[in-house]
Amino acid sequence: MSDGDKEGGQADVAGTALVAPLEGVRHLLRGFRLLLAPGVKRFVVIPLAINAVLFAVALVLGAAAVAELVGYLQGMLPGWLDWIALLAWPLYVVAGLLVIFFAAGMVANLIAAPFMKPLAAAVEHHLTGEVPPRRLRTVRAVVLDIPGSVGSELAKLVCFLLRALPLLLLFLIPGVNALAPFAWLIFGAWMLAREYLDPPLTNHGYSFRDQGRLIARHRTGTLGFGGAAAVANTIPGVNFFVLPAAVAGGASLVSARMRDPLRSAA
């Protein structure tokens with residue numbers, strides 16, 4: 001463990017305050033650096049390859065679709081709201097890219113799910129020297145965990161769709177669609193926070209429902225974390241690395257700020 005990581009981890013664990021939004025952002029940025037940490041690098045290769053391929057495909061196929069979507073949505077605004085269209089079109093672009101890249105990310109998470117918990121465990125061991133109680137220690141254990149991991153991802157996908165579809169309909173309502181990007185960005189930040197915090201929290205025995213309660217308790221920090229991941233997912237090139245980096249950052253956030261307070265509340 002580097003001195004910087006060790007000092008940062010000790011300072012975070014010592015604090016008892018709820019996580020602030022910028023601290024969530026900091027842990028995501030820390031996740032990118034942790035991808036090269038000793039004992040972590042070998043767990044990054046497969047998730048990184050899966051994520052890079054799927055996001056490259058999404059980038060190629062999604063650029064034209066986003067341009068068409070933005071033109072369509074702006075055309076639906078009444079003439080007297082043209083000034084809003086000028087202000088909102090960057091949000092339309094970001095929201096459109098986020099929808100496409102989020103879909104690609106969900107597929108990547110589904111495929112890479114069995115490899116996320118070992119990556120989170122390796123990061124936590126690097127930062128704290130401790131081994132999570134449910135760490136998958138062998139290749140056989142990872143293979144046996146595949147059905148459960150895929151099932152959990154499918155459950156999250158259903159949760160996402162049940163909430164995403166009504167929000168997507170907002171884009172089709174004239175006038176209201178000017179505000180839809182804001183609602184989608186907040187929702188995307190929440191869902192990404194749940195997605196990337198799932199592996200480290202699962203390593204500590206928290207069910208999906210329990211995770212929801214724990215994340216809600218630290219909503220400002222986790223929204224900052226998820227919001228930063230959402231922005232990173234819209235940046236071509238950077239988004240290739242977001243899946244492993246966000247899982248690493250999530251493990252950093254859980255081990256530093258969330259683990260003990262959350263366990264006492266569970």
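Below, all heavy atoms of this structure are taken into account, side chains as well, without hydrogens, waters or symmetry copies. Because the structure is a prediction, the values reported are computed rather than measured.
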Does any part of the side chain of Leu192, heavy atoms only, come nearer than 4.5 Å to the side chain of Phe225, both counted from C-beta?
no

Tightest non-hydrogen contact, residues Ala248 and Val123, listed as O-CG1, 3.6 Å

Using only atom types and a distance under 3.5 Å, with no angle test, would you say the side chain of Arg194 pairs donor to acceptor with the backbone of Gly226?
no

Among Leu214, Leu201, Leu127, the one residue meeting side-chain contact (heavy atoms from CB on, under 4.5 Å) with Val254
Leu201

Any chance you could measure Leu243, atom CG, to Ile50, atom CD1, to the nearest 0.5 Å?
8.0 Å

Let me confirm one number: the CG-CE distance from Asn203 to Met116, rounded to the nearest 0.5 Å.
11.5 Å

Heavy-atom pair with the smallest gap, counting every atom of Ser255 and Thr128
CB-CG2, 3.9 Å

Is Phe32 linked to Ile235 within one hydrophobic cluster, defined over Ile, Leu, Val, Met, Phe, Trp and Tyr using a side-chain heavy-atom separation of less than 4.5 Å?
yes

Establish, from distance only, whether the side-chain atoms of Thr220 and Glu23 form a donor-acceptor pair under 3.5 Å.
no

Would a single hydrophobic cluster contain both Phe43 and Val242, if residues Ile, Leu, Val, Met, Phe, Trp and Tyr are joined by side-chain heavy-atom contacts under 4.5 Å?
yes

Looking only at heavy atoms, what is the nearest atom pair of Asn239 and Asn51, with distance?
O-ND2, 2.8 Å

Nearest 0.5 Å, what's the CD1-CD1 distance between Ile46 and Ile111?
12.5 Å

Measure across Thr202 and Lys117 and return the closest heavy-atom pair with its distance rounded to 0.1 Å.
CG2-CD, 3.6 Å

Nearest-0.5 Å distance, OG1 of residue Thr222 to OH of residue Tyr196
14.5 Å

Work out which heavy atom in Ser252 is nearest to a heavy atom in His27; give both atom names and the distance.
OG-ND1, 2.7 Å

Where is the tightest heavy-atom contact between Ala232 and Val238, given as atom of each residue plus distance?
O-CG1, 4.1 Å

Please check this pair: side chain of Gln211 against backbone of Tyr206, looking for a donor-acceptor N/O pair closer than 3.5 Å.
yes

Taking a hydrophobic cluster as the set of Ile, Leu, Val, Met, Phe, Trp and Tyr residues connected by side-chain heavy atoms closer than 4.5 Å, whether directly or through intermediates, do Leu197 and Val25 fall within one such cluster?
no

For a 4.5 angstrom cut-off between non-hydrogen side-chain atoms, does Leu48 reach Phe241?
yes

